[in-house]
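So you know, we letter chains A, B, ... as the sequences are listed, proteins then strands, and number each from 1.
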Amino acid sequence: MRLRLHHAHPWDLTPQEAIAIQQRLRRFVRLEDDLPETVETVAGVDVGFKNENRITRAAVAVLDFPSLQLIAHSSAETPTAFPYIPGLLSFREIPAVLRALEKLAHLPALLLCDGQGIAHPRRFGIASHLGVLLDHPTIGVGKTRLIGHHGPVPDEKGAWVPLEDNGEIIGAVVRTRKGVKPLYISPGHRLSIESAVRWVLACTTRYKLPETTRWAHRLASEG
DNA sequence: GCGACAG
DNA sequence: ATCTTGTCGC
């Protein structure tokens, strides 16, 4: 589908300017549930690198919901134009992600992104950034923590505890599989924390990572 | 000044 | 993220 998005080219941005953009866009993030009545497709978005990080490859895996069967996918490669800086990950990965999304016939109802949503120093991780640019529901699925603190997570699938920063709840630490490190879940845009957790669990079967993420990771890394 | 630090 | 074999535990 056609995506008309204006934004500065990452290679022209200084970290300070990138931070200013996050501060300007964060006000558009909405945490009220705003999804279609019926969600028929969910997608995983992930990025991989080639040629010593010179090439960024993004992949989108579209799954039917709730069967979680892969029904479509797309990918795109772009020259890597921004370094990896904690807190500014989206400026490195989003350009390729947008190119991959453009190749889809239809935008999936919900996008699960690798990384954080609002569980970010400025509450504007990659899932929120992508969600605001598209004004579309997104969830951040992080394998590790960027910011925030939390208590122990019961070792039972589906158990979760709030992720907190300065007295503010910014996400959830979720046990998607017994005996395995939990996932750091936070809303990107158009969902509440509780809903984000529910959707991630609904997309997870027998593995730590949701099926959406597993497919996207596979498509972004290999051939 | 000393740690922490998504992918 | 990426480089990579075997190995511990349910």
*Asks:* For A:F91 together with A:H129, are the ring centres under 6.0 Å from each other?
*Replies:* yes
*Asks:* Below 4.0 angstrom from OP1 or OP2 of C:dA1, is there any side-chain N or O of A:K143?
*Replies:* yes
*Asks:* Taking the six-membered ring for Trp and the full ring for Phe, Tyr or His, determine whether the centres of A:W160 and A:Y184 are under 6.0 Å apart.
*Replies:* no
*Asks:* Would you say that more than 12 heavy atoms from the other residues, nucleotides or ligands in this model lie under 6.0 Å from the CD of A:E17, or not?
*Replies:* yes
*Asks:* Just the endpoints, please: which first and last nucleotides of DNA chain B, 5' to 3', lie under 4.0 Å from a heavy atom of chain A?
*Replies:* B:dA4 to B:dG7
*Asks:* Hey, does A:G48 reach any base, or is it just sugar-phosphate, or nothing, if we go heavy atoms under 4.0 Å?
*Replies:* sugar-phosphate
*Asks:* Would you classify A:F49 as touching base, sugar-phosphate or nothing, given that sugar-phosphate means primed atoms plus P, OP1 and OP2, and contacts are heavy atoms under 4.0 Å?
*Replies:* sugar-phosphate
*Asks:* Counting the atoms with a prime plus P, OP1 and OP2 as sugar-phosphate, which does A:G87 contact under 4.0 Å by heavy atoms, base, sugar-phosphate, or nothing?
*Replies:* base
*Asks:* Map A:V47 and A:K178 onto DNA chain C by nearest heavy atom, then report which one ends up closer to the 5' terminus.
*Replies:* A:V47
*Asks:* Categorize A:H149 for me: base, sugar-phosphate, or nothing, with a 4.0 angstrom heavy-atom threshold over every strand shown.
*Replies:* nothing
*Asks:* Evaluate whether atom CZ of A:R99 has more than 12 neighbouring non-hydrogen atoms of other residues, nucleotides or ligands under 6.0 angstrom away.
*Replies:* no
*Asks:* Charged N to carboxylate O below 4.0 Å: is that the case for A:D46 and A:R218?
*Replies:* no
*Asks:* Less than 3.5 Å apart, any donor N or O on the side chain of A:D135 or A:H189 sitting next to an acceptor on the other?
*Replies:* yes
*Asks:* Does the pair A:D33/A:R190 count as a salt bridge with the N-to-O cut at 4.0 Å?
*Replies:* no
*Asks:* Can you give me the dot-bracket string for DNA chain C, 5' to 3', counting Watson-Crick and G-U wobble pairs with both distances under 3.5 Å, using [ ] for crossing pairs and | for partners on another strand?
*Replies:* ..........
*Asks:* Check for me whether A:R214 meets the cation-pi criterion with A:Y207, that is, NZ or CZ under 6.0 Å from the six-membered ring centre and within 45 degrees of the ring axis.
*Replies:* yes
*Asks:* Under 4.0 angstrom, heavy atoms only, what part of the nucleic acid is A:L183 near: base, sugar-phosphate, or nothing?
*Replies:* nothing
*Asks:* Using whole Å, report how far CD of A:E52 lies from C1' of C:dC3.
*Replies:* 12 Å
*Asks:* How about A:T56 and A:E77: do any of their side-chain heavy atoms sit closer than 4.5 Å?
*Replies:* no
*Asks:* With a non-hydrogen cut-off below 4.0 angstrom, is A:I126 in contact with a base, only sugar-phosphate, or nothing?
*Replies:* base
*Asks:* Starting from P on C:dT2, measure out to CZ on A:R54 and report it in whole angstrom.
*Replies:* 15 Å
